[in-house]
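Computed from heavy atoms alone, side chains included, the values below leave out hydrogens, waters and symmetry copies. Note that this is a predicted model, so its numbers are computed, not measured. First listed ligand is number 1; within each ligand, the first listed atom is number 1.
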Amino acid sequence: MGFISEPIVAVATATGLGGIGIVRVSGKDLSQLIRDLFGKKLDPRKAELVKVQDHQEQVIDSGIALFFPSPNSFTGEDVLEFQGHGGTVVLNLVLQRILAVGQRLQMRVARPGEFSERAFLNNKIDLAQAEAIADLIEASTEVAVKSANRTLSGEFSSAINEVVQKVTHLRILVEATLDFPEEEIDFLENAKAKEQWQAIQIALQHLLQKTKQGSILRNGALVVLAGEPNVGKSSLINKLAGNDVAIVTPIAGTTRDRIKETIQIQGVPIQIIDTAGLRDTLDTVEKIGVERSWEAIKESDLIIHVKDASQKNKETSYELQLEIQQQINNSNKSIPIIEVWNKIDLSNQSENLSGIKISAKLGTGIEELKAAILKELGWSNQVENTYIARTRHIEAIKKAQFHLEESGKYLSRGNNALELFAEELRLTQEYLGEITGKLLADDLLGKIFGSFCIGK
Ligand SMILES: Nc1nc2c(ncn2[C@@H]2O[C@H](COP(=O)(O)OP(=O)(O)OP(=O)(O)O)[C@@H](O)[C@H]2O)c(=O)[nH]1
Ligand SMILES: [Mg+2]
């Protein structure tokens with residue numbers, strides 16, 4: 001990518017007061033800048049004590065300078081880091097001074113994510129790895145941190161590249177066959193093209209599953225507690241959160257607004273939403289609450305339908321179950337539902353109930369419920385090899401899958417369809433390439449890096 005860039009500078013540490021603050025510079029050739037700033041050369045990768053002075057030679061800050069000459073740096077360009085004192089004003093003065101000295105080089109302040117973008121454009125990391133840097137910084141649980149590091153180290157990218165290689169192999173075979181039309185069928189059969197195609201199909205399915213798992217780690221899953229009034233939804237969110245986040249009273253219709261709380265189950269970040277009990281009501285406020293409950297249900301990744309085991313008449317809860325299902329069908333999503341019977345401490349015939357039996361009051365069955373939540377979200381226990389991923393990646397894999405399936409139609413059609421087969425395979429490969437950024441439109445790149453923090 002022939003891109004010539006002016007040097008960039010940014011404060012890399014978070015704003016606020018801290019013991020140390022870091023200003024980072026990246027550019028094609030920083031040797032002159034370094035001499036102008038510090039009055040001397042810096043040895044590569046060696047910590048040196050330096051002073052930063054303003055134009056009147058008054059000291060602004062003193063600290064450690066580190067110089068990483070191109071190409072052995074994060075961005076692949078020359079990189080200079082100054083580790084000074086972590087105050088907002090002092091760091092800003094250092095930044096301004098570097099900008100002033102670097103004016104001749106057209107130095108400017110970096111855009112968010114621009115250091116990572118340069119690392120990507122200079123082939124130091126691929127796009128999935130660059131995204132993992134942002135995901136590592138934003139990770140909300142320990143499992144997410146470790147998974148982000150796995151993606152950062154390239155595990156996710158290698159999994160994708162393995163599939164890409166399989167597709168390439170098959171494409172080469174097909175292209176070769178196209179040149180010998182009269183022998184194409186024998187040729188493909190001998191090379192076990194069908195088997196190769198099936199292997200790609202399986203590999204993609206596997207990749208999708210793991211990517212979905214990785215995206216749960218990044219985005220967290222949205223789990224909604226829904227049910228009739230007074231069944232114990234708020235009691236349950238309090239139990240799951242380990243905190244009294246929602247008001248609990250014996251009065252039906254207590255909860256009106258949605259209450260959101262982030263919890264983690266085995267390191268998986270999950271947002272639990274408590275909602276207003278679902279019923280027809282004339283109360284204006286409650287009515288709005290019920291509407292919001294239905295909205296939450298339709299937006300969720302998983303619904304926990306809470307029912308009261310102490311209530312003799314179970315018919316209304318069954319009707320509600322059908323209604324929830326109907327709403328899900330209308331929303332064109334497949335949202336799993338967990339049926340939960342609460343208040344089993346008050347029920348003497350709970351063995352006849354199907355579903356998970358809990359007592360939000362006593363804490364019975366909560367562990368079982370947590371396990372069911374993870375299972376329904378598609379979370380498997382093999383956390384060791386989970387890599388963090390994004391919705392964008394899932395979409396790309398699904399598109400790749402779609403084109404692979406399309407190609408399959410042509411493969412079985414044999415004669416004359418081979419060119420179409422080849423074309424669909426090419427599209428399969430192209431969508432996989434989007435994940436690592438081998439083929440991606442510039443505007444999308446801008447969007448991805450624009451969501452990073454400054455100095456990264
Ligand atoms: N014995 C018993 N009582 C429970 C249990 N869970 C909830 N309760 C009681 O049931 C009543 C209603 O509980 P809530 O948690 O407010 O129920 P809710 O589903 O949030 O109700 P709304 O907000 O009105 O829709 C309260 O008096 C709770 O103490 C349970 O497991 N056992
Ligand atoms: Mg409630």
Side-chain angles (χ1 to χ4, degrees), residues 222-263 265 270-300 302-328 335 337-373 376:
L222 210 58
V223 176
V224 167
L225 303 179
E228 291 176 271
N230 220 32
V231 293
K233 300 177 295 300
S234 300
S235 307
L236 180 54
I237 197 175
N238 290 347
K239 198 76 201 170
L240 288 168
N243 218 336
D244 279 346
V245 292
I247 299 172
V248 169
T249 75
I251 304 162
T254 301
T255 307
R256 267 84 190 284
D257 266 335
R258 286 179 288 197
I259 295 167
K260 202 188 255 185
E261 186 67 16
T262 303
I263 65 163
I265 305 179
I270 291 171
Q271 293 191 336
I272 304 265
I273 298 183
D274 179 24
T275 59
L278 298 163
R279 67 168 170 188
D280 288 330
T281 171
L282 293 174
D283 182 304
T284 322
V285 182
E286 193 182 354
K287 214 179 168 84
I288 298 172
V290 172
E291 276 165 22
R292 291 186 175 185
S293 301
W294 284 115
E295 275 166 29
I297 286 172
K298 283 183 270 184
E299 286 164 11
S300 67
L302 169 67
I303 297 160
I304 298 180
H305 180 194
V306 186
K307 299 182 275 192
D308 186 339
S310 70
Q311 289 290 322
K312 298 282 178 285
N313 185 358
K314 311 269 161 37
E315 250 168 53
T316 51
S317 77
Y318 181 67
E319 280 163 20
L320 186 58
Q321 194 170 326
L322 293 180
E323 203 177 335
I324 292 175
Q325 194 55 56
Q326 188 58 44
Q327 290 282 348
I328 297 174
I335 308 171
I337 305 176
I338 299 178
E339 304 290 337
V340 169
W341 289 102
N342 186 33
K343 310 194 190 181
I344 46 156
D345 54 302
L346 297 180
S347 166
N348 44 18
Q349 32 173 276
S350 61
E351 61 281 358
N352 300 328
L353 303 170
S354 67
I356 296 175
K357 289 160 242 174
I358 65 163
S359 165
K361 191 170 183 175
L362 305 179
T364 325
I366 298 295
E367 288 312 311
E368 196 192 334
L369 175 60
K370 284 183 178 172
I373 292 174
E376 287 301 329

Side-chain heavy atoms of Thr254 within contact of Val248, under 4.5 Å:
no

For ligand 1, is any non-hydrogen atom under 4.0 Å from Asp345's backbone (N, CA, C, O), its side chain (CB onward), both, or neither?
side chain

Among residues at least two apart in sequence or on other chains, which ones pass salt bridge (Lys or Arg N to Asp or Glu O under 4.0 Å) with Asp257?
Arg292

Would you mind running through ligand 1 and noting each atom that sits below 4.0 Å from a heavy atom of Gly277?
25 (O)

Below a 4.0 angstrom heavy-atom separation, can you tell me which part of Val248, side chain or backbone, both or neither, approaches ligand 1?
both

Relative to atom 24 (O) of ligand 1, which among Gly253, Ser347, Gly365 owns the nearest non-hydrogen atom?
Gly253

Applying side chain to side chain donor-acceptor pair (under 3.5 Å), name anything that partners Glu261, two or more places apart in sequence or on another chain.
none

Under a heavy-atom criterion of less than 4.0 Å, does Ile251 contact ligand 1?
yes

Distance-only check: which donor-acceptor pairs under 3.5 Å involve side-chain atoms of residues 356-371, not counting sequence neighbours?
from	atom 1	to	atom 2	distance (Å)
Ser359	OG	Asp345	OD1	3.0
Ser359	OG	Lys361	N	3.4
Ser359	OG	Leu362	N	3.0

Looking at Asn230, which atoms of ligand 1 are within less than 4.0 Å of one of its heavy atoms?
11 (C), 12 (C), 17 (O), 18 (P), 19 (O), 21 (O), 22 (P), 24 (O), 25 (O)

Please step through side-chain contact (heavy atoms from CB on, under 4.5 Å) for the pair Val223 and Ile273, ending with a clear verdict.
CA-CA 6 Å; Val223 176; Ile273 298 183; over 6 Å; no

Going by the atom numbers of ligand 1, which of them fall below 4.0 Å from some non-hydrogen atom of Pro250?
27 (O)

Is it true that Glu228 and Thr316 share a donor-acceptor pair across their side chains at a distance under 3.5 Å?
yes

Are Leu320 and Leu278 close enough that some pair of their side-chain heavy atoms sits under 4.5 Å apart?
yes

Can you tell me if Ser347 and Ser310 form a side-chain donor-acceptor pair at under 3.5 Å?
no

With 2.8 Å as the limit, jot down which protein N, O or S atoms are around the Mg ion (ligand 2).
Ser234 OG, Thr255 OG1

For atom 8 (N) of ligand 1, which candidate among Lys343, Lys361, Lys233 provides the closest heavy atom?
Lys343

Atoms of ligand 1, numbered as shown, that sit under 4.0 Å from any heavy atom of Ser235:
6 (N), 7 (C), 13 (O), 14 (P), 15 (O), 28 (C)

Ala252 and ligand 1 - part of the residue with a heavy-atom distance under 4.0 Å:
backbone

Applying a heavy-atom cut-off of 4.0 Å, say which part of Leu362 lies close to ligand 1: side chain, backbone, both or neither.
neither

Ignoring angles and geometry beyond distance, decide whether Ala360 reaches within less than 3.5 Å of ligand 1 through its nitrogen or oxygen atoms.
yes

